[in-house]
Amino acid sequence: MSTASLDSLYQDIILDHAKRKLNSGLREPYEAEVHHVNPTCGDEITLRVHLDGDVVKDISYENLGCSISSASVSVMTELLVGKTLEEVEPIHAAFLEMMRGKGQVEPDEDVLEDAVAFAGAAKLTARIKCALLGWMAFQDASAQAQSDTQKETDK
Amino acid sequence: MSTSSLPGLLPELEIVRKDFPILERTFEGVPLVYLDSANTSQKPQIVIDTMVDHLERHNANIARAMHHLGAESTEAFEGGRDAVARFIGAPDRDEVIFTKNASEALNLVANTLMWARGDLQIGEGDEVVITELEHHSNIVPWQLLTERTGATLRWFGLTDDGQLDVSNIDELITERTKVVSLAWVSNMLGTILPIAEITKRAHAVGDHGRGAVVVVDASQAAPQLPIDLAAMPADERPDFLAFTGHKTVGPTGIGVLWGRRALLEQLPPFLGGGEMIATVRMEKSTYAGIPHKFEAGTPPIVEAVGLGAALDYLSHIGLDAIHAHEQAITGYALDGLATVPGLTVLGPLDATQRGGAIAFELDGVHPHDIAQVLDSQGIAVRAGHHCAKPAHARFGVQASTRMSSYLYTTPGEIDALIEGLEYTRRYFKLA
Ligand SMILES: Cc1ncc(COP(=O)(O)O)c(C=O)c1O
C-alpha cells in the first residue's frame with residue numbers, strides 16, 4: 001500500500017471519530033445487549049440498543065479495537081440514533097454493500113454521509129471486518145430488541 | 001551502532017539473502033522488509049527448485065506404485081523423513097511422523113492419548129498441565145481432551161517479566177499429572193522455557209515409575225535453536241516434539257511429530273485409511289508399524305521432499321550460527337525499540353534469554369493501525385493476538401504488534417522498522 005492510499009484510508013473524519021468515539025460508554029435503558037468479537041484480531045465490542053417504539057433512541061457501546069473499528073461504530077451511532085427502524089434499514093444495507101463490494105461499489109453520500117469515508121477500508125481485505133464489527137453488533141442487538149418488544153406486545 | 005560491528009551476524013548474510021528470491025520484491029518501488037517470520041518463514045531457492053524438480057521428474061504416489069517413478073518418489077519422501085530425523089537428532093528415524101502442521105501433530109497426541117487404554121488411559125482425577133503462554137494449538141486440544149475424559153486442565157502462570165513461573169512446580173506436577181505439554185519458545189513473548197527442568201520433574205512423578213508424558217511444541221524453537229534429542233539425558237528428553245514445516249523455511253502443508261518409539265507403539269491409531277494398515281478384513285484390521293500407523297492416506301509427498309531440502313539448507317548454514325544471528329538481531333532490535341517513545345516490549349528484555357519474536361505496544365496507536373502504516377513503508381509485521389490470547393490477557397493487553405526476524409534479517413531492516421514506528425507516531429500525531 002502506498003502513502004497516498006494510506007491517506008485515503010485514514011481520512012481526517014476517521015481519525016477524528018476514532019479519537020472522539022461519539023456515544024461511547026454503556027447506558028441504561030436498553031432492550032438488548034450484544035458482545036461481538038473479531039476472532040482474527042481479537043477486537044471486541046459490547047453494544048446496547050434502546051428502542052422507543054420504532055425509533056432508535058440510543059446506541060451505547062464499549063469497544064477495544066483499531067481506529068477503523070472505533071471510528072466506524074462512532075460514525076454509525078451518529079448516523080442512526082434518532083432515526084426510525086425503517087429509515088435505518090437502507091443506511092445499514094448501503095454500508096454493508098459498500099464494505100463487501102471490494103472497493104467497486106460507488107457509495108451514495110446522500111445515504112451514507114460521513115460513512116462514505118470507509119470506502120478506503122473496503123479495498124483492504126484485512127480491514128473490512130474492522131469496519132463492520134460495530135454495524136454487525138447493531139444489527140444483532142436491534143433484531144433482539146425488536147423480538148423482545150414483540151414478545152412484550154404479544155403478552 | 002554501525003551494523004558491521006554487530007557481533008554474531010551471519011558472515012555471509014548478503015549471500016544468504018540472495019537464496020530467498022521473495023526478498024527482492026518491492027511494492028510501488030518500496031522494498032519489502034519482511035519481519036513476520038514467526039508467522040511463516042520465506043523459502044530459499046533450493047526448496048522451491050527441489051519441489052519443482054520432484055513434480056516435474058519424479059512425481060508418483062509412494063509405497064504403492066510398482067514402477068520407476070513410484071520407487072523414486074518413495075525414496076525422496078523417505079529421504080525427507082531422514083532429513084527431519086537428522087535435524088532433530090531423533091534416536092530412531094521411524095519415530096518421525098509427518099502431519100499437516102504443528103496443530104495436527106499436537107492434536108494427534110491429544111486424541112490418541114484420549115483413546116488410549118491401560119496405563120496411558122486418562123480419566124477423572126488425572127491432570128494435564130500446560131502453560132499460560134501457549135499458542136492456541138497447544139491449549140485447545142488439551143481442553144478437548146480434559147473435557148471429554150473428565151480430567152482436569154492446569155497450567156503454569158507467568159512472571160511479570162514474561163518468564164514461566166516455576167515457583168509452584170511441585171504443586172502443579174504431581175502423582176496425578178498424566179501429561180505436561182509446553183512450548184519451547186513462545187511465539188508472542190519470545191520466552192525460552194526450561195524444558196529440560198520441567199521434563200525431568202514430570203518424568204519423576206507417577207506410580208509406574210515412568211512419570212507423566214511430556215509434549216514439547218517446538219514450532220518456534222526448531223527454526224532457531226539447535227535440537228539434538230539423542231544427546232539429551234533420557235530423563236530430560238521429552239516424549240513428543242512437534243513443529244511445523246513452514247516456519248523452518250519449508251513449505252506449508254507439512255508438520256512433524258517426533259515420538260518415543262515405545263509410546264508410539266502403545267498408542268492407538270489416529271486416522272484410519274490407506275497405508276496405515278497391515279491387513280484389513282471386513283470385521284477388523286491390524287495396523288502397520290510406526291511411522292506408517294499414524295500416516296493414513298496419501299501424505300503430502302512433495303511437501304515432505306521440500307521440508308527435507310529446507311532442513312538440510314538450515315543445517316548447512318548451521319543452527320548455532322543461525323541462533324547467534326537471531327540473538328544479534330534481537331538484541332539490536334530491542335535496543336532500537338527502546339528508543340521509540342511510548343513503546344513497551346512484552347516479554348524478556350535480554351536477547352540471550354529469548355527467541356526472535358518481539359511483541360510490543362505503542363501508546364496511543366492500535367496494533368492494526370501500526371501494521372497498516374508500516375505496510376505502506378514495505379514493512380511486514382503481525383498485529384493481533386498471535387493465537388496467544390491467554391498470554392495477552394495475562395499482561396492486560398488485547399492485541400499487540402509483533403516483529404519477528406530470521407536468518408535473512410539485516411540490521412538495516414531493523415533500522416527501517418524503527419524509522420517506520422517513528423513515522424507511525426508522526427502519522428497519528430503523537431510526535
Ligand atoms: C508456538 C506455536 N505453536 C503452534 C503453532 C501452529 O503452527 P501451525 O499453524 O503450522 O499448525 C505456531 C504457529 O503459528 C506456533 O507459533
Side-chain angles (χ1 to χ4, degrees), chain A residues 1-21 24 35-46 61-75 99 103 117-134 137, chain B residues 25-33 36 39 135-136 139-140 188 346 359 361-402 419-420 423-430:
Chain A
M1 173 197 241
S2 67
T3 319
S5 33
L6 196 62
D7 292 340
S8 83
L9 174 65
Y10 292 116
Q11 296 180 22
D12 287 343
I13 292 185
I14 292 184
L15 294 180
D16 189 48
H17 271 280
K19 263 212 182 88
R20 286 166 52 212
K21 292 196 182 189
S24 68
H35 182 74
H36 279 214
V37 295
N38 182 346
T40 45
C41 62
D43 280 2
E44 297 184 27
I45 188 165
T46 303
Y61 63 93
E62 235 160 40
N63 81 311
L64 277 172
C66 61
S67 57
I68 303 296
S69 74
S70 294
S72 171
V73 64
S74 171
V75 167
M99 291 315 298
F118 293 92
K123 293 188 193 129
L124 298 166
T125 334
R127 303 311 289 272
I128 295 170
K129 276 194 186 151
C130 309
L132 281 177
L133 187 65
Chain B
R25 279 212 58 187
T26 57
F27 304 97
E28 299 171 32
V30 181
L32 167 68
V33 174
D36 198 16
N39 203 350
H135 186 282
H136 297 167
I139 299 176
V140 185
M188 176 214 165
L346 300 157
E361 287 189 287
L362 185 58
D363 269 355
V365 197
H366 190 276
H368 267 175
D369 298 317
I370 298 173
Q372 191 85 60
V373 176
L374 291 178
D375 185 49
S376 76
Q377 312 293 302
I379 305 163
V381 296
R382 184 164 172 186
H385 52 61
H386 324 307
C387 302
K389 279 194 96 160
H392 278 82
R394 162 64 179 81
F395 292 97
V397 176
Q398 178 234 5
S400 65
T401 309
R402 182 184 73 186
E419 264 166 53
Y423 175 74
T424 306
R425 294 189 70 243
R426 289 197 299 279
Y427 194 90
F428 291 108
K429 311 211 162 42
L430 297 166

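Here is how names work: the chains are called A, B, and so on, in the same order as the sequence lines, proteins then strands, and each is numbered from 1.
Between L6(A) and Y427(B), the closest heavy-atom pair is O-OH, 3.3 Å.
Both the backbone and the side chain of V373(B) come within contact range of chain A, each with at least one heavy atom under 4.5 Å from a heavy atom of that chain.
Contact check for I68(A) versus H368(B): no side-chain heavy atoms found under the 4.5 Å cut-off.
Here the SG atom belonging to C66(A) is positioned 11.0 Å from the CD1 atom belonging to I370(B), to the nearest 0.5 angstrom. Atoms OG and CD, from S67(A) and Q372(B) in turn, are 8.5 Å apart once rounded to the nearest 0.5 Å.
H366(B) contributes no side-chain N or O that, together with a main-chain N or O of L64(A), makes up a donor-acceptor pair within less than 3.5 Å.
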